[in-house]
Undergrad: 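First the structure, then my questions, so here it is.
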Amino acid sequence: MATTVDKWVGVGTAMTIFTLLFSRMPDRVHDEVRLFITKWTPLVAAYFNPYVHLTISEQSGEQFRRNELFDDISAYLTDKCAHGARRLKVELGNDGVLPEITLDDKVQVTDDSDGARIWWYATNKGPSYRSPSPVLSIFPADTEPRLFRAVFHKRHRQVVLDTYLPRALAKGHELIGNMTRQRRLFTNHRHGNRST
């Protein structure tokens, strides 16, 4: 019976022979092998990857329109998961008085629902992003489009798509409605009577 060391000696010898033969091949064979590996590696990795990725972009398919789905998810994540996030971004709200707190870029938060764990990532599209239509402007773009990426196991696909996402969107839409609603103060005083 062969020992473990004897088995590994055979593997090392095979790797050495392969490396020597590969180094003696013409350059065009190296390029074809590299092209084959770069083409098939992501496909094989995607086949064995058990996780599903959902991407929600800040900009919709129409030009210069903000995606309402992105706003709803942003409000939901800020309300539900921001207490667990370590990095938050604070901006002045639409009313110009109260601050608006959202998740910062490159932040991961986790949400659990109906036995499914969803990892949310807030990031931007990066410098390789190209707009679908060219925009001519004297000034450079202020910010790159942001996106949210949800990652979950494929066995929870139906739970996430059928119950979790609609519930998260409804909750986010409700939160946005509460934030934008104008509040009125009612008192018992008449308009003409200012004495107290």
Side-chain angles (χ1 to χ4, degrees), residues 4 36-95 97-132 141-183:
T4 307
F36 178 80
I37 289 172
T38 57
K39 177 182 177 184
W40 287 99
T41 300
L43 296 174
V44 171
Y47 179 76
F48 290 109
N49 186 7
Y51 292 99
V52 177
H53 298 258
L54 293 178
T55 303
I56 301 170
S57 180
E58 183 177 23
Q59 294 177 344
S60 66
E62 299 177 20
Q63 296 178 359
F64 304 115
R65 278 199 58 193
R66 188 168 168 91
N67 192 354
E68 293 177 13
L69 179 65
F70 179 85
D71 292 336
D72 292 343
I73 290 295
S74 178
Y76 170 77
L77 288 177
T78 300
D79 181 60
K80 176 96 173 163
C81 304
H83 59 82
R86 295 188 184 265
R87 289 183 6 199
L88 298 171
K89 182 170 48 173
V90 178
E91 296 175 346
L92 199 56
N94 293 337
D95 58 0
V97 177
L98 296 174
E100 182 177 316
I101 299 172
T102 58
L103 296 174
D104 196 11
D105 290 339
K106 299 177 184 172
V107 171
Q108 173 190 350
V109 292
T110 306
D111 193 13
D112 294 318
S113 175
D114 299 328
R117 175 166 281 183
I118 300 102
W119 293 274
W120 286 97
Y121 299 93
T123 184
N124 55 20
K125 289 191 177 181
S128 63
Y129 170 73
R130 297 271 189 246
S131 175
D142 291 340
T143 60
E144 297 167 349
R146 296 182 64 208
L147 57 89
F148 287 118
R149 182 165 287 136
V151 180
F152 53 91
H153 200 277
K154 65 182 175 184
R155 70 174 168 249
H156 301 300
R157 182 185 198 112
Q158 292 302 329
V159 172
V160 171
L161 295 179
D162 294 341
T163 59
Y164 174 75
L165 276 180
R167 186 175 30 192
L169 292 175
K171 179 71 174 170
H173 193 70
E174 176 187 331
L175 289 168
I176 289 175
N178 288 342
M179 287 188 290
T180 59
R181 182 177 46 176
Q182 299 252 340
R183 303 200 186 268

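Keep in mind that this is a model prediction, so the values were computed, not measured.
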Undergrad: Can you name the nearest heavy-atom pair linking Phe70 to Ser57, along with the distance?
TA: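 Between these two residues, the closest heavy atoms are CB-O, 3.4 Å.
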Undergrad: Closest approach of Gly172 and Ala75, non-hydrogen atoms and distance?
TA: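 So the minimum-distance heavy-atom pair works out to O-CB, 3.8 Å.
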Undergrad: Show the nearest heavy-atom pair for residues Phe148 and Ala122, with the distance to one decimal.
TA: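 Result for this residue pair: CE2-CB, 3.6 Å.
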Undergrad: Check whether more than 12 heavy atoms from other residues, nucleotides or ligands sit under 6.0 Å from atom NE2 of His156, and answer yes or no.
TA: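 It does: His156 NE2 has more than 12 such atoms within range.
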Undergrad: In the structure I gave you, are the side-chain heavy atoms of Tyr164 and Asp114 within less than 4.5 Å of one another anywhere?
TA: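 They are not in side-chain contact.
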Undergrad: Working to the nearest 0.5 angstrom, can you tell me the gap between Leu54 CG and Trp120 CH2?
TA: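 Interatomic distance, Leu54 CG to Trp120 CH2, rounded to 0.5 Å: 7.0 Å.
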Undergrad: List the residues meeting side chain to side chain donor-acceptor pair (under 3.5 Å) with Asp162, not counting sequence neighbours, and say none if there are none.
TA: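 Asp162 satisfies side chain to side chain donor-acceptor pair (under 3.5 Å) with no other residue.
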Undergrad: In Å, rounded to the nearest 0.5 Å, how long is the span from CG of Leu165 to CG of Leu69?
TA: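 If I round to the nearest 0.5 Å, the distance is 8.0 Å.
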Undergrad: Which label fits Phe36 and Trp40: parallel for a plane angle under 30°, tilted from 30 to 60°, or perpendicular past 60°?
TA: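 Plane angle between 30° and 60°, so tilted.
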Undergrad: Which atoms form the tightest heavy-atom contact between Trp119 and Thr110, and what is the distance?
TA: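 Smallest interatomic distance, heavy atoms only, reads CD1-OG1, 3.4 Å.
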Undergrad: Can you tell me how far the CD1 atom of Ile118 sits from the CZ atom of Phe152, to the nearest 0.5 Å?
TA: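 Between Ile118 CD1 and Phe152 CZ, I get 7.5 Å after rounding to 0.5 Å.
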Undergrad: Who are the side chain to side chain donor-acceptor pair (under 3.5 Å) partners of Ser113, not counting sequence neighbours?
TA: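 Checked Ser113 against side chain to side chain donor-acceptor pair (under 3.5 Å); matches are Arg167.
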Undergrad: Are the side chains of Leu169 and Ile73 in touch, meaning some heavy atoms are under 4.5 Å apart?
TA: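 With C-beta onward as the side chain, the pair touches.
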Undergrad: Using modelled atom types only, decide if a donor and an acceptor are shared between the side chain of Thr163 and the backbone of Val159 within a distance under 3.5 Å.
TA: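 Side chain of Thr163 to backbone of Val159, a donor-acceptor pair under 3.5 Å: yes, one is there.
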Undergrad: Quick check for you: to the nearest 0.5 Å, what is the distance between Asp71 atom CG and His173 atom NE2?
TA: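 One gets 11.0 Å once the value is rounded to the nearest 0.5 Å.
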Undergrad: Strictly by salt bridge (Lys or Arg N to Asp or Glu O under 4.0 Å), give each pair with a member in residues 149-158 just once, sequence neighbours left out.
TA: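 Non-adjacent pairs meeting salt bridge (Lys or Arg N to Asp or Glu O under 4.0 Å): zero.
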